[in-house]
Amino acid sequence: MSAATLRKVGGQWLWGYTFLFAVLLYLPSACIMLFSFNSGIHIKFPLDSFTVNWYRALAANDALLEAAGNSFKVGLSAAAMATAIGVVGAFGLVRYKLIGGKAITGLSIMPLLIPSIILGIALLVLLRTIGIGNSLIAITIGHVIFCTPLSVSIMMSRYVDLDRTLEEAALDLGAREIGTFLQITLPLSASAIVSAFILCFLTSFDEFVIAFFLSGTKVTLPLYIWAQLRFPQRLPEILALGSCVLMGSLLLVILGEVLRRQRTTV
C-alpha cells in the first residue's frame with residue numbers, strides 16, 4: 001500500500017472518528033434544544049407539535065428571573081475578583097523568583113483537584129466558623145476560591161508568552177515597575193484578561209455543588225433548575241431554559257477562546 005493511500009485512509013478514519021466524537025459530545029445538548037419545542041410535557045419522538053410557548057413562559061416566571069439575577073450577581077462578582085487575583089498573582093509567579101514559587105503554583109490549582117462536594121463542605125464549615133452564614137455572599141466567596149485557579153493558569157500562560165524586553169525597555173527609559181505593569185503589561189494582556197473573566201463567569205454561573213452547600217434563602221439558577229426537576233410538568237420549561245443557557249454559554253466560550261488565541265503584534 002502506497003504512502004498516498006495510507007494518508008487517504010488515515011484521513012478518512014480521522015474524519016470518521018471526529019464525527020463520532022462530535023455526535024457523542026453534542027447529541028444530548030441537541031436533544032434538549034429539540035424537545036424544548038415540543039408542545040407536550042413528555043419527552044418523545046416524534047414531537048406532539050411545534051411550540052415556543054415554553055420560551056414565552058420563561059419571561060413570566062418571577063422565581064426563575066430572580067434566580068437568574070442572583071446567578072448573574074454572583075457570577076460577575078466572583079469573576080471580577082478571581083480575575084483580579086489571577087492578573088496580579090500570575091504576574092508575581094512568572095516575573096519574580098518567589099521563595100516557594102513552584103509550591104505556590106501547585107497549591108493554586110488545588111481547588112480544581114479537590115472534589116466539589118469536599119470543597120463545599122469545607123467552605124460551609126469555615127464560613128460559619130468566621131460568622132458568614134449561608135447567603136449569596138458565601139456562594140460568591142466559594143466561587144472566587146473555585147475560579148481563581150482558572151484565572152491564574154490563563155494569565156500565567158499569557159505572561160510567559162509576553163515579550164519581556166518590552167517591560168525592560170520601559171524600565172530602562174525611567175518608568176517605575178507599577179507604571180510598566182499598568183501601561184505595558186496589562187494592555188498587552190487584555191485579551192487574556194477578558195478570556196479569564198469570561199471563563200470564570202461561566203464556571204460560577206453553572207456551578208451547583210458549592211452553591212448547594214452555601215445557599216440560603218436566595219438560590220442561583222442551577223439550584224432553581226435542580227429544585228424544579230422534581231415536578232414533571234415543569235420539565236419542558238426547564239428544557240427551554242437549558243437551551244437558552246447552552247446557547248449563551250456556547251457564544252461566551254467561543255468569544256473567550258478567540259480572545260485567548262489572540263496575540264497582539266508589536
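Atoms considered below: every heavy atom in the structure, side chains included; atoms not considered: hydrogens, waters and symmetry mates.
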A.B. asks: Got Glu237 and Leu64 here, is their nearest side-chain heavy-atom distance under 4.5 Å?
C.D. replies: yes
A.B. asks: Among pairs that include at least one residue of residues 62-90, which meet side chain to side chain donor-acceptor pair (under 3.5 Å), considering only residues two or more places apart or in two chains?
C.D. replies: none
A.B. asks: Please report the interatomic distance CD1(Ile139) to OG(Ser215), rounded to the nearest 0.5 Å.
C.D. replies: 5.0 Å
A.B. asks: Could you give all pairs that pass the side chain to side chain donor-acceptor pair (under 3.5 Å) test and reach residues 218-229, with sequence neighbours left out?
C.D. replies: Asn61-Tyr224, Tyr224-Arg234, Gln228-Arg234
A.B. asks: Please determine whether residues Phe72 and Leu65 belong to a single hydrophobic cluster, defined as Ile, Leu, Val, Met, Phe, Trp and Tyr linked transitively by side-chain heavy-atom distances below 4.5 Å.
C.D. replies: yes
A.B. asks: Within the distance-only criterion (no hydrogens, no angle test), does the side chain of Arg128 pair as donor or acceptor with the backbone N or O of Val125 below 3.5 angstrom?
C.D. replies: no
A.B. asks: Taking all atoms of both residues into account, what is the closest heavy-atom pair of Leu223 and Val219, and its distance?
C.D. replies: CB-CB, 3.9 Å
A.B. asks: Could you walk me through whether Phe197 and Leu76 pass side-chain contact (heavy atoms from CB on, under 4.5 Å), step by step?
C.D. replies: CA-CA 9 Å; Phe197 181 88; Leu76 292 173; 3.9 Å; yes
A.B. asks: In Å, rounded to the nearest 0.5 Å, how long is the span from CD1 of Ile154 to OG of Ser189?
C.D. replies: 12.5 Å
A.B. asks: Once you round to the nearest 0.5 Å, how far does OG1 of Thr140 lie from CD1 of Ile145?
C.D. replies: 11.0 Å
A.B. asks: Same hydrophobic cluster for Ile193 and Val152, using side-chain heavy-atom links shorter than 4.5 Å among ILVMFWY?
C.D. replies: yes
A.B. asks: Please list, chain by chain and in numerical order, all residues satisfying side-chain hydrogen bond (donor to acceptor under 3.5 Å, both in side chains) with Thr185, sequence neighbours excluded.
C.D. replies: Glu167
A.B. asks: Under 3.5 Å, is there a donor-acceptor pair between the side chain of Ser135 and the main chain of Gly133?
C.D. replies: yes
A.B. asks: Calculate, to the nearest 0.5 Å, the distance between atoms SG and CE belonging to Cys244 and Met33 respectively.
C.D. replies: 8.5 Å
A.B. asks: Enter the distance from Leu186:CG to Thr180:OG1 here, rounded to the nearest 0.5 Å.
C.D. replies: 11.0 Å
A.B. asks: Name all residues meeting the ring pair (Phe, Tyr, Trp, His ring centres under 6.0 Å) criterion together with Phe181; count only those two or more places apart in sequence or in a different chain, and write none if there are none.
C.D. replies: Phe91
A.B. asks: Are Leu229 and Leu58 grouped together when hydrophobic residues (ILVMFWY) are joined by side-chain heavy atoms under 4.5 angstrom apart?
C.D. replies: yes
A.B. asks: Heavy atoms only: give me the nearest Gly142-Leu214 pair and the separation to one decimal.
C.D. replies: CA-CD1, 4.2 Å
A.B. asks: Say whether Leu136 and Met81 are linked into one hydrophobic cluster, either directly or through other cluster members, by side-chain heavy-atom distances under 4.5 angstrom.
C.D. replies: no
A.B. asks: side-chain contact (heavy atoms from CB on, under 4.5 Å) between Asn134 and Leu124: does it pass, once the steps are laid out?
C.D. replies: CA-CA 8 Å; Asn134 287 23; Leu124 175 64; 3.3 Å; yes
A.B. asks: Please output the side-chain donor-acceptor pairs of residues 113-123 that fall under 3.5 Å, not counting sequence neighbours, one pair per line with the distance.
C.D. replies:
none

A.B. asks: Quick one: CD1 on Ile85 to CE on Met155, what's the gap to the nearest 0.5 Å?
C.D. replies: 13.5 Å
A.B. asks: Linking I/L/V/M/F/W/Y whenever their side-chain heavy atoms sit closer than 4.5 Å, directly or via other members, would Ile141 and Val144 fall into one cluster?
C.D. replies: no
A.B. asks: Please determine whether the number of non-hydrogen atoms from other residues, nucleotides or ligands lying under 6.0 Å from atom CD1 of Ile137 exceeds 12.
C.D. replies: no
A.B. asks: Answer yes or no: is there a side-chain heavy-atom contact under 4.5 Å between Leu246 and Leu250?
C.D. replies: no
A.B. asks: Counting N and O atoms only, with roles assigned by atom type, does the side chain of Ser195 sit under 3.5 Å from a partner on the main chain of Ser191, one being a donor and the other an acceptor?
C.D. replies: no
A.B. asks: Under a 4.5 Å cut-off applied to non-hydrogen side-chain atoms, are Val52 and Arg56 in contact?
C.D. replies: yes
A.B. asks: Let me have the donor-acceptor pairs involving side chains of residues 198-212, under 3.5 Å, with sequence neighbours excluded, atom names and distances please.
C.D. replies:
unit_1: Thr203; atom_1: OG1; unit_2: Leu199; atom_2: O; d: 2.8
unit_1: Ser204; atom_1: OG; unit_2: His143; atom_2: ND1; d: 2.7
unit_1: Glu207; atom_1: OE1; unit_2: His143; atom_2: NE2; d: 2.9
unit_1: Glu207; atom_1: OE1; unit_2: Ile210; atom_2: N; d: 3.2
unit_1: Glu207; atom_1: OE1; unit_2: Ala211; atom_2: N; d: 3.0
unit_1: Glu207; atom_1: OE2; unit_2: Val209; atom_2: N; d: 2.9
unit_1: Glu207; atom_1: OE2; unit_2: Ile210; atom_2: N; d: 2.7

